[in-house]
2 protein chains.
Amino acid sequence: MPELLSQAEENYLKAIYKVSRRDGTPVSNNAISVEMQTSAASVTDMINRLSQKGLLNYQKRRGVSLTEEGYATATHLVRKHRLWETFLVDKLQFSWDEVHELAEQLEHIQSRELVNRLDEYLGFPRYDPHGDPIPDAEGLMAERQQVALSQLPVGQLAVVVGVKDHTTPFLQYLERTGLLLGVQLRVSERLDYDNSLQLVLDQGTTLLVSQKVGQNLFVQLK
Amino acid sequence: MPELLSQAEENYLKAIYKVSRRDGTPVSNNAISVEMQTSAASVTDMINRLSQKGLLNYQKRRGVSLTEEGYATATHLVRKHRLWETFLVDKLQFSWDEVHELAEQLEHIQSRELVNRLDEYLGFPRYDPHGDPIPDAEGLMAERQQVALSQLPVGQLAVVVGVKDHTTPFLQYLERTGLLLGVQLRVSERLDYDNSLQLVLDQGTTLLVSQKVGQNLFVQLK
DNA sequence: TAATAAATTTAGGCTAGTCTAAATAAAAAC
DNA sequence: GTTTTTATTTAGACTAGCCTAAATTTATTA
């Protein structure tokens, strides 16, 4: 069943997986071409090939969705990506803002056995260094009920569990301000002027963050 | 200086490195096409591209050799290959006959930093699981004076340090007979009939091996 | 040394994956 | 309900890597 895919094909599957998680159902050619940074013509081309291979449901001009097999393949790619990121951070001491590009390469290595042994070696982690859940060998992953920090009611105690924005500048901002995974906090005040948030962290330190930061940090209620 | 190479280009460089180590100097198109299992026409094609990029010295119909830069690139690929093999065996508990194909994939991952951290994580190993020397970050590797077991004088004490044949069947043969790296032995007798060798191992156990085995095992005199 | 064999290069063609420009269909706006 | 805008597909072209078949050069051998 698991056909051998090129890296390009795998990258398209991941992109489709990613945008369909956001929106829900059929994905437009346009959304894919934006995500992939490639022309609409190339997307049409690849869509044809992938639906030919049974990985996508596709009707001309009606958008695409992942088939069962396409979904499983994409999930496995996500599993590999997140396990490699965990490896790089936990074992090789990379910082969480350096590992994405590397994992983009490593996720294309073909070997179920390798992935499973890596998983075991890392102690079957359920979340990667950015707080994203890692699918297990069957493709199942933990679902956490989390909300954006910006949605958190004033006074409510919560803990930082993930990021929405995975870019280096944002991760480095968090590093510098100490707003890392596992940190407990409360919003002490929401400033109407620019929707910035006044936070009280663990040890009582306070921090003022912009709306943008609030929208890109996930927290879990305590 | 380090241009970005495709996997195909890297594979050709490795092949040329490999066959020129055997013979010495300029490598024929033919030798490369045999090593790469590809047509002579494809080889000519790729030779042109690689010499264009300054990685090969090439004169029509006179064979190719690696330039300084080509040699450094090939050595770095070998470094990556052997470090990944070491990782797979030492950390992920793969056996030495399972790791080659995986390392063939992993050696194409692009990141000096990753390679160096992996090296450090593994404790700067000087030899890989097959006994082959691992180039350091500067491309230097240990040279060992070793001989094929078949060359060993009768009675001379020696220790197994490497294999010439890296194929799974041979490695599994060694696994099954206990002729592993680090084992001490002596040739007690050379049988003229078929050039097979009677060995005495560490703990006094004896073993009869064929000429073929003798030619594919490297030992170091004690 | 002339003839034959072997190695190498050239010529031409194929696929995957990309692109731009043009054609067509669908959606939005008037 | 036309018209205009936007999205999508088609057409045609390009590069990297591969191939086979033919041409050419070099090596071998009679």
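Remember, predicted model here, so these are calculated numbers, not experimental data. Worth knowing before you read on, the calculation uses all heavy atoms, side chains too, and leaves out hydrogens, waters and symmetry mates. In what follows, chains are A, B, ... by sequence order, proteins preceding strands, each numbered from 1.
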Send over the distance from [X] [atom1] to [N] [atom2], rounded to a whole Å.
X	N	atom1	atom2	value
A:Gln52	C:dG17	CD	C1'	17 Å
A:Tyr12	C:dT18	OH	C1'	8 Å
A:Gln37	C:dT18	CD	P	13 Å
A:Leu13	C:dG17	CG	P	12 Å

Practice item. Take atom CZ of B:Arg126 as the centre, draw a 6.0 Å sphere, and report whether it contains more than 12 heavy atoms from other residues, nucleotides or ligands. Key: no
**Study point:** Heavy atoms of other groups near A:Lys212 NZ, more than 12 under 6.0 Å
**Key:** no
Point to revise | Qualifying ring pair (Phe, Tyr, Trp, His ring centres under 6.0 Å) pairs with a residue from residues 105-124 of chain A, counting only residues at least two apart or across chains | key: none
Check your understanding: Which residues pass the side chain to side chain donor-acceptor pair (under 3.5 Å) test with A:His166, sequence neighbours left out?
Key -> A:Asp132
Check your understanding: Once the angle between the rings of A:Phe170 and A:Tyr173 is folded into 0 to 90°, is it parallel (under 30°), tilted (30 to 60°) or perpendicular (over 60°)?
Key -> parallel
Study note, to complete from the structure: Contact string for nucleotides 4-16 of chain C, one letter per nucleotide 5' to 3', B = base within protein heavy-atom range under 4.0 Å, S = sugar-phosphate only, - = neither, reads ----BBB-----S
Review point. For D:dC19, does OP1 or OP2 lie under 4.0 Å from any side-chain N or O of B:Ser42?
Key: yes
Practice item. Please find out if less than 6.0 Å separates the ring center of B:His100 from that of B:His130. Key: no
